[in-house]
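Reckoned from all heavy atoms, side chains included, excluding hydrogens, waters and symmetry mates. Each chain gets a letter, A, B and so on, in the order its sequence line appears, and its residues count up from 1.
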Amino acid sequence: GQGVEQPDNLMSVEGTFARVNCTYSTSGFNGLSWYQQREGHAPVFLSYVVLDGLKDSGHFSTFLSRSNGYSYLLLTELQIKDSASYLCAVRDRGSALGRLHFGAGTQLIVIP
Amino acid sequence: GPKVLQIPSHQIIDMGQMVTLNCDPVSNHLYFYWYKQILGQQMEFLVNFYNGKVMEKSKLFKDQFSVERPDGSYFTLKIQPTALEDSAVYFCASSLWTGGTTGQLYFGEGSKLTVL
């Protein structure tokens, strides 16, 4: 079956960093996306990776290891406003049109 | 940035009634999606739609569900009749290209459906 797992919660201090982990087990692999979602609002796209390694996008960086079925989203220089839920979503090889398998999300709380 | 609008934001109906959830996708987008999220659980794919047709649907997309986008207007999800287990937040999304090439879908803020 398709499984995308994330820790439920994460707490970090303002000005430091937070790493949100995601492990997946899908029927093949065709890309992994990260979304940010604030309560009551739409998920907002952050990053997409399909090749192994680290992709640096400034405030957000994304790492992927396809052989381990593992990704993380790294947020640096945390601000209070980074407090939100972060969703990992994987597209399996069998999907032609962006059918994503989502994790339940990691609720990040940034404290002063 | 581009926005996907969903109407209504919240609807309460009695079991067995029909409901239509409306989505106004980003104007030049070609691909449309519905996802379902039960409180505390992950978002789950229901269906995607392109060129007037359902391209893929999951087992959650029961026979009571239907989607359409008549004449380029709202992209709608209709449930007839509704059941208690249909209570959830339904998210609409759209993309210009296939969402798989960049991973970027634009989501609406969701329509919360409560079936009594």
Side-chain angles (χ1 to χ4, degrees), chain A residues 1-9 22-51 55 57 60 62 64 71 73 84-107, chain B residues 1-6 9-10 23-26 29-51 53-61 67 88-112:
Chain A
Q2 318 288 5
V4 180
E5 301 292 332
Q6 302 179 238
D8 292 338
N9 299 290
C22 173
T23 57
Y24 63 87
S25 171
T26 55
S27 302
F29 175 82
N30 212 354
L32 184 147
S33 306
W34 284 95
Y35 286 79
Q36 179 192 65
Q37 185 178 24
R38 302 183 189 284
E39 190 163 345
H41 292 277
V44 175
F45 173 81
L46 295 177
S47 177
Y48 173 73
V49 285
V50 65
L51 299 176
K55 179 179 176 183
S57 304
F60 302 102
T62 315
L64 177 67
S71 174
L73 175 72
S85 182
Y86 291 87
L87 311 178
C88 173
V90 176
R91 177 173 169 245
D92 65 62
R93 186 169 293 282
S95 172
L97 288 189
R99 173 177 180 162
L100 300 177
H101 301 278
F102 278 88
T106 297
Q107 184 67 44
Chain B
K3 285 194 183 297
V4 173
L5 301 177
Q6 290 188 239
S9 57
H10 191 183
C23 173
D24 187 10
V26 178
H29 283 187
L30 302 174
Y31 300 86
F32 312 111
Y33 315 82
W34 283 102
Y35 283 79
K36 175 183 179 181
Q37 185 175 35
I38 294 173
L39 184 65
Q41 299 181 22
Q42 70 267 41
M43 276 205 289
E44 294 192 90
F45 171 82
L46 284 176
V47 65
N48 53 30
F49 189 88
Y50 168 71
N51 198 25
K53 290 180 255 191
V54 170
M55 303 304 289
E56 296 174 283
K57 57 185 180 180
S58 73
K59 60 185 177 184
L60 295 179
F61 194 79
V67 292
V89 179
Y90 291 84
F91 287 94
C92 174
S94 70
S95 63
L96 178 58
W97 309 109
T98 65
T101 56
T102 65
Q104 185 163 9
L105 304 185
Y106 290 82
F107 283 88
E109 296 197 338
S111 292
K112 183 177 181 181

**Asked** A:Leu87 versus chain B, heavy atoms under 4.5 Å apart: side chain, backbone, both or neither?
**Response**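 Side chain of A:Leu87 only, per the 4.5 Å heavy-atom cut-off to chain B.
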**Between CD on residue B:Glu44 and CG on residue A:Leu100, distance to nearest 0.5 Å** = 13.0 Å
**Request:** Indicate the atoms forming the closest heavy-atom contact of A:Pro43 with B:Phe107, along with that distance.
**Result:**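 Heavy atoms of A:Pro43 and B:Phe107 come nearest at CD-CB, 3.6 Å.
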**Message:** To check you understand the geometry: which heavy-atom pair defines the closest contact between B:Phe45 and A:Arg99, and what is its length?
**Reply:** CD2-NE, 3.4 Å
**Prompt:** Around atom NZ of B:Lys3, are there more than 12 heavy atoms of other residues, nucleotides or ligands at under 6.0 Å?
**Reply:**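 No, NZ of B:Lys3 has 12 or fewer neighbouring heavy atoms, counting only those of other groups under 6.0 Å.
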**Request:** Could you go through the side-chain contact (heavy atoms from CB on, under 4.5 Å) check for A:Val4 and B:Gln42 one step at a time?
**Result:** CA-CA 9 Å; A:Val4 180; B:Gln42 70 267 41; over 6 Å; no
**Asked** What part of B:Ser58 gets closer than 4.5 Å to chain A, counting heavy atoms only: side chain, backbone, both or neither?
**Response**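 Its backbone and side chain both get close to chain A.
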**Request:** Under 4.5 Å, counting heavy-atom pairs only, tell me which of A:Gln6, A:Gln37, A:His41 racks up the most with chain B.
**Result:** A:His41
